[in-house]
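Keep in mind the model is a prediction, meaning the values are calculated, not measured.
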Amino acid sequence: MNTTKFLKIVIFILLLINVATITFLWINKPRQNDNVGDFFAKELKFTDQQKEQFEVLRDEHRAQRESLKESNKEKHDAYFDLLKNPNIDSVTVRKAAQEITKIKEQEELSIFYHFQKVRAICDDEQQHKFDKIINEAAKMMNPQRPPRRVEDGPPHPRM
């Protein structure tokens, strides 16, 4: 078997493996935050109408989070572009950092007001249960990374 034919066969096999892997990962991709909706529906025993209301609130919140995520990325890009200027003043750097902080504040407020709206669609009994489970639901929506140990090396960028 000549080398060219062998290489073509190897490349074809690798291509098939890549396509299969990507397909597998795409099909088995976890649906983000859907478990929170299921959690609320199960724990609070939402009616069908409440489930529909929750889906609308969830979709609005997702859209808002995506918008804030994009703004955060843009502000971080602009912030790190400041490094290209060796004569940058500290006022400009602080202003850029404050813009990023404002987006983080908007993200936190968005989560708070989302849960406030979810609580508002609950009846009195459900609100009582909601008050008991809200911290667990919030962790499901925005899980924090485990604390990093020094021996783990430097943190990975979050962008």
Applying side-chain hydrogen bond (donor to acceptor under 3.5 Å, both in side chains) to Glu107 and not counting sequence neighbours gives none
Quick one, Lys69 and Glu66 - any side-chain contact, counting heavy atoms below 4.5 Å?
yes
Find out whether Gln126 and Gln50 are in side-chain contact, i.e. whether some heavy atom of one side chain is under 4.5 Å from a heavy atom of the other.
yes
Nearest 0.5 Å, what's the CG-CD distance between Leu57 and Gln116?
11.5 Å
Let me confirm one number: the OH-CD1 distance from Tyr79 to Ile100, rounded to the nearest 0.5 Å.
6.0 Å
The single option from Ile22, Thr21, Ile27, Thr23 that satisfies side chain to side chain contact (heavy atoms under 4.5 Å, CB included) with Leu25 is Thr21
Pairwise distance CD1(Ile11) to CG(Leu15) - rounded to 0.5 angstrom
9.5 Å
Distance, nearest 0.5 Å, that separates CZ of Arg62 from NE2 of His114:
9.5 Å
Between Lys51 and Ala41 the two heavy atoms that sit nearest each other are CE-CB, 4.1 Å
Side chains of His128 and Glu125: does their closest heavy-atom pair fall under 4.5 Å?
no
Does a side-chain heavy-atom distance below 4.5 Å link Glu60 with Gln64?
no
Between Thr101 and Ala97 (side chain of the first, backbone of the second, donor and acceptor by atom type, cut-off under 3.5 Å), is there such a pair?
yes
Give a yes or no answer on whether the side chain of Glu52 reaches the backbone of Gln49 with a donor-acceptor pair at less than 3.5 Å.
no
Group every Ile, Leu, Val, Met, Phe, Trp and Tyr by side-chain heavy-atom contacts under 4.5 Å, then state whether Phe80 and Ile88 land in the same group.
yes
Verify the cluster assignment for Ile17 and Phe12: are they in a single hydrophobic cluster under the rule of side-chain heavy atoms below 4.5 Å apart?
no
Working to the nearest 0.5 angstrom, can you tell me the gap between Ile103 CD1 and Glu74 CD?
8.0 Å
Below 30° counts as parallel, above 60° as perpendicular, anything between as tilted: where do the rings of Phe54 and Phe46 land?
tilted
Just by distance, with hydrogens left out, do Asn72 and His76 show a side-chain donor and acceptor under 3.5 Å apart?
yes
Contact check, side chains of Lys104 and Leu68, non-hydrogen atoms, under 4.5 Å
no
Check for me, please, whether Leu109 and Ile111 land in the same ILVMFWY cluster - side-chain distances under 4.5 Å, paths through other members count.
no
Kindly write out the residues that satisfy side chain to side chain contact (heavy atoms under 4.5 Å, CB included) with Lys129, not counting sequence neighbours, or none if the list is empty.
Glu43, Leu44, Ile133
Which atom of Ile121 lies closest to which atom of Gln53, heavy atoms considered:
CB-OE1, 3.7 Å
Can you measure from CD (Gln106) to OH (Tyr113) and round to the nearest 0.5 angstrom?
12.0 Å
Looking only at heavy atoms, which two atoms of Ala96 and Leu82 are closest? And how far apart?
CB-CD1, 3.7 Å
Between Gln127 and Cys122, the two heavy atoms sitting closest are NE2-O, 3.4 Å
